[in-house]
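Inspection log for the structure reproduced underneath, given as structure tokens.
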Amino acid sequence: ELYQKAAAQGESHAQRLLGWMYKEGRGVQQSDDQAVEWYQKAAAQGDAAAQRLLGWMYQEGRGIEQSDVKAVELYQKAAAQGEQHAQHLLDSLYQEGRCVCEEPRSHLT
């Protein structure tokens, strides 16, 4: 309930955590659609972890239409802010031939 109040007031950390709660069904009924909605709000505020998590939802097609292009775009934004897990996900997509980008490490410089 506290996270919902903070998220509703625009707190990006709370929005991201609420998205995770919906994705995992922790304390709320599991809903990929709700997870995406909260991740989008936090990602729009520049929350790097939310950008990565939203990218993963795009990559897997959970709660939103699958799109490697959108996943890569979000991973790149997160990686540019130093989010290392996003960089690893970019590397994986690149190695699998699913990344429609330049060498992924170039996004950290």
Side-chain angles (χ1 to χ4, degrees):
E1 189 174 298
L2 290 175
Y3 284 127
Q4 290 177 330
K5 286 182 181 179
Q9 293 174 354
E11 214 298 309
S12 68
H13 180 75
Q15 291 170 335
R16 174 173 29 93
L17 288 176
L18 193 54
W20 177 84
M21 290 170 67
Y22 275 108
K23 178 181 159 285
E24 299 296 325
R26 301 285 175 103
V28 295
Q29 184 173 347
Q30 197 282 332
S31 171
D32 288 341
D33 293 340
Q34 285 291 308
V36 166
E37 182 179 324
W38 288 109
Y39 287 156
Q40 286 174 326
K41 290 178 182 189
Q45 295 186 64
D47 185 300
Q51 290 167 340
R52 171 184 44 88
L53 292 164
L54 181 58
W56 185 86
M57 298 296 276
Y58 272 105
Q59 181 181 340
E60 298 299 316
R62 288 187 53 181
I64 201 156
E65 185 177 340
Q66 196 282 334
S67 172
D68 286 345
V69 172
K70 284 295 290 181
V72 166
E73 176 185 310
L74 288 158
Y75 292 157
Q76 288 173 337
K77 285 181 180 181
Q81 295 181 69
E83 223 285 345
Q84 291 188 346
H85 194 67
Q87 183 61 50
H88 293 298
L89 291 166
L90 263 179
D91 289 343
S92 294
L93 285 177
Y94 185 80
Q95 294 299 323
E96 294 169 13
R98 294 171 61 185
C99 183
V100 290
C101 59
E102 301 171 12
E103 182 73 29
R105 299 214 182 275
S106 66
H107 301 289
L108 289 181
T109 57

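If you read the sequence from its start, that first residue is 1, and numbering goes on from there.
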Heavy-atom donor-acceptor pair, [X] side chain to [Y] backbone, under 3.5 Å:
X: Q15; Y: A7; value: yes
X: Q30; Y: K23; value: yes
X: Q45; Y: G10; value: yes

Rounded to the nearest 0.5 Å, what separation is found between the CH2 atom of W38 and the CD atom of Q4?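 Going from CH2 on W38 over to CD on Q4, the span is 7.5 Å.
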For a quick test of reading the model, state the closest non-hydrogen atom pair linking [X] to [Y] and the distance between them.
X: A14; Y: Y3; result: CB-O, 3.8 Å
X: Q51; Y: G46; result: NE2-CA, 3.8 Å
X: M21; Y: V28; result: O-CG2, 3.5 Å
X: M57; Y: I64; result: O-CG2, 3.9 Å
X: D47; Y: S12; result: OD2-OG, 3.6 Å

Tell me yes or no: between the side chains of Y75 and Q59, is some donor less than 3.5 Å from an acceptor? yes
For D91 and Q95, run side-chain hydrogen bond (donor to acceptor under 3.5 Å, both in side chains): C-alpha distance rounded to whole Å, both residues' side-chain angles, the deciding distance at 0.1 Å, then the answer. CA-CA 6 Å; D91 289 343; Q95 294 299 323; over 6 Å; no
Crowding at CD, Q84 (>12 non-hydrogen neighbours, <6.0 Å):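 Open: at most 12 neighbouring heavy atoms sit under 6.0 Å from CD of Q84.
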Residues in side chain to side chain donor-acceptor pair (under 3.5 Å) contact with H13, at least two apart in sequence or another chain: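 Result, side chain to side chain donor-acceptor pair (under 3.5 Å) vs H13: R16.
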